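Scroll down for the structure; my scribbles are underneath it.
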There are 2 protein chains.
Amino acid sequence: MNGEHDAPRRQRLTRAEAKARTRTLLLDAAARIFARKGFTGASVEEIAEAAGFSTGALYSNFNSKEALFLELLSDRQNDRIAEAARALDSHEAGSGEAAAELGRLLIDVADKDIDFAPLQAEFWLYAVRNPQALETMAAKLREPRRALEQVISTSLAERGAPEGVPAETVATVVAALFQGLVRLRRLDPSSVSEELFAQALTWLFAGIDAAGTPTGAEDD
Amino acid sequence: MNGEHDAPRRQRLTRAEAKARTRTLLLDAAARIFARKGFTGASVEEIAEAAGFSTGALYSNFNSKEALFLELLSDRQNDRIAEAARALDSHEAGSGEAAAELGRLLIDVADKDIDFAPLQAEFWLYAVRNPQALETMAAKLREPRRALEQVISTSLAERGAPEGVPAETVATVVAALFQGLVRLRRLDPSSVSEELFAQALTWLFAGIDAAGTPTGAEDD
DNA sequence: GTCTATACGTAGATAGAC
DNA sequence: GTCTATCTACGTATAGAC
């Protein structure tokens, strides 16, 4: 009855597209459930049901629970980080505006996207426990990291900071601060105000300027 | 033969002491295994065996796997953090020495005590997922946090920073930075050099000074 | 107080129907 | 390609011996 190489494609949704949609839905559900229950704590049945499918459908799209998790680790974790890079790109790092923008992003990540930080933590733990995944994760962080470095590098030059201050180092500090503050805010929101990240960045860049010109002398 | 209220105490190891020792050994093993496999990933049998006991002995000392984990969360997590507070106490925060000392501590935590950061991550995830444990965890972090605040407060006063800079805020920034850098170093050691934390602290405090006295004016 | 043996539930993964 | 049913293994927790 239903020939398979001739008939289908009735509503612009080919078989391949339908499968791709299923995959996407499963990945979305997996991100939520993994974030809420952890890699080992989450069950494949739970994930499949949350996506509206059965475990059979899940295994038809992914070889194993681990493969599903690793695909998230490779493909999904950049979403928010890329957003941060964009937020930085529209202003200059070190300026009050960029700091304020990043501050807002921090609050968003910590408060609105409640699954983000726990999922990142799961990724980090998995990477730390599985050396082969460690390189994958480090690689995935490199791209947005370079974007951050680039913006910081530009900003440092504009501020007249000396060449003794590599943008790479500053980018690391900013990234670490961001992560750390997001996690602290989840534990105790009152300890990490909405303006704190912006404030810290302001201090940091002022300190870099001061370190470049300790007593007020400039030029190199 | 062996009367129980009269005879024992032959090698200075009473029954109560023996049990306490068992508990300690189980807790030590639990810390290791939970750090390496995660809360859900670790099995009680694994933990018991690592401590040299059986699951029966474990359940004779703890009501459940969760109770064991919660005891670690409540009692053990302060070890390293208290150490940080002590490191700060011997110098003044903001001084080059204190910064260097903390920098060494960071490297120690990141490289030597390989179970510390993953265990903290497990605690954090558990707290984020279990609101009732969240308060427990936040409370446990408060004590060393106050110590950090105290030292920073003193240091700020010495440096002539204005009252507009609360030590509480600075302490949060320092703590977040520490956590964030430890985790980044585990992913990519080359991105977080041994001197980076000290460097970041130096910048931070210089920036605070500069913010207090923007163009070079002092006095209050 | 600790061990051995086990009950009971649940989870990852597969097989075969549709 | 997805679902239902199931196989198998493992993990928590308990019971009873020593």
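All chains are named by letter (A, B, ...) in the order of the sequence lines, taking the proteins before the strands, and each is independently numbered beginning at 1. Since this is a predicted model, take the numbers as computed values, not measurements.
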For residues L187(B) and L134(A), report the shortest heavy-atom separation together with the two atoms involved.
O-CD2, 3.0 Å
Please, which pairs that meet ring pair (Phe, Tyr, Trp, His ring centres under 6.0 Å) have at least one residue in residues 166-185 of chain A, sequence neighbours excluded?
F178(A)-F197(A)
Residues 45-54 of chain B side chain polar contacts: donor-acceptor under 3.5 Å, at least two apart:
{"residue": "E46(B)", "atom": "OE1", "partner": "S43(B)", "partner atom": "N", "Å": "3.3"}
{"residue": "E46(B)", "atom": "OE2", "partner": "K37(B)", "partner atom": "NZ", "Å": "2.2"}

Taking side chain as C-beta onward, heavy atoms only, is F205(A) less than 4.5 Å from V170(A)?
yes
Would you please test V173(B) and Q199(A) for side-chain contact (heavy atoms from CB on, under 4.5 Å) and show each step?
CA-CA 10 Å; V173(B) 172; Q199(A) 174 67 272; over 6 Å; no
Boundaries of the DNA chain D segment in contact with chain B, non-hydrogen, under 4.0 Å
dG11(D) to dT14(D)
Residues in side chain to side chain donor-acceptor pair (under 3.5 Å) contact with T24(A), at least two apart in sequence or another chain:
none
Qualifying ring pair (Phe, Tyr, Trp, His ring centres under 6.0 Å) pairs with a residue from residues 124-145 of chain A, counting only residues at least two apart or across chains
F39(A)-Y126(A), F69(A)-Y126(A)
Can you name the residues that form a side chain to side chain contact (heavy atoms under 4.5 Å, CB included) with S64(A), not counting sequence neighbours?
E66(A), A67(A)
Excluding sequence neighbours, so at least two apart, what forms side chain to side chain contact (heavy atoms under 4.5 Å, CB included) with T169(A)?
P166(A), L196(B), W203(B)
In degrees, rounded to 10°, what is the bend between the two ends of the helix from dG1(C)-dC18(D) to dC18(C)-dG1(D), using five pairs at each?
0°
Can you list, in residue-number order, the parts of residues 61-69 of chain B that come under 4.0 Å of DNA chain D, counting heavy atoms only?
S64(B), K65(B)
Expressed as a whole number of angstroms, how long is the span from L58(A):CG to dT14(C):P?
12 Å
One thing to verify: whether R146(B) and E149(B) come together as a salt bridge, which I'm taking to mean a side-chain N less than 4.0 angstrom from a carboxylate O.
no
Just grab all the salt bridge (Lys or Arg N to Asp or Glu O under 4.0 Å) pairs involving residues 129-144 of chain B, residues at least two apart or on different chains.
E122(A)-R129(B), E135(B)-R142(B)
Shortest non-hydrogen pair, A133(A) vs L70(A), comes out as CB-CD2, 4.4 Å
Under a 4.0 Å heavy-atom cut-off, which of residues 18-50 of chain A touch DNA chain D?
K19(A), T22(A)
Classify the nucleic acid contact of Y59(B) as base, sugar-phosphate or nothing, counting any heavy atom under 4.0 Å across all strands shown.
base
Charged N to carboxylate O below 4.0 Å: is that the case for D111(B) and R186(B)?
no
Only one of R76(A), R21(A), R23(A) passes salt bridge (Lys or Arg N to Asp or Glu O under 4.0 Å) with D28(A); say which it is.
R76(A)
Here the residues of residues 126-134 of chain A within 4.0 Å heavy-atom distance, strictly under, of DNA chain C are none
Heavy-atom pair of closest approach, residues R185(B) and V192(B):
NE-O, 2.8 Å
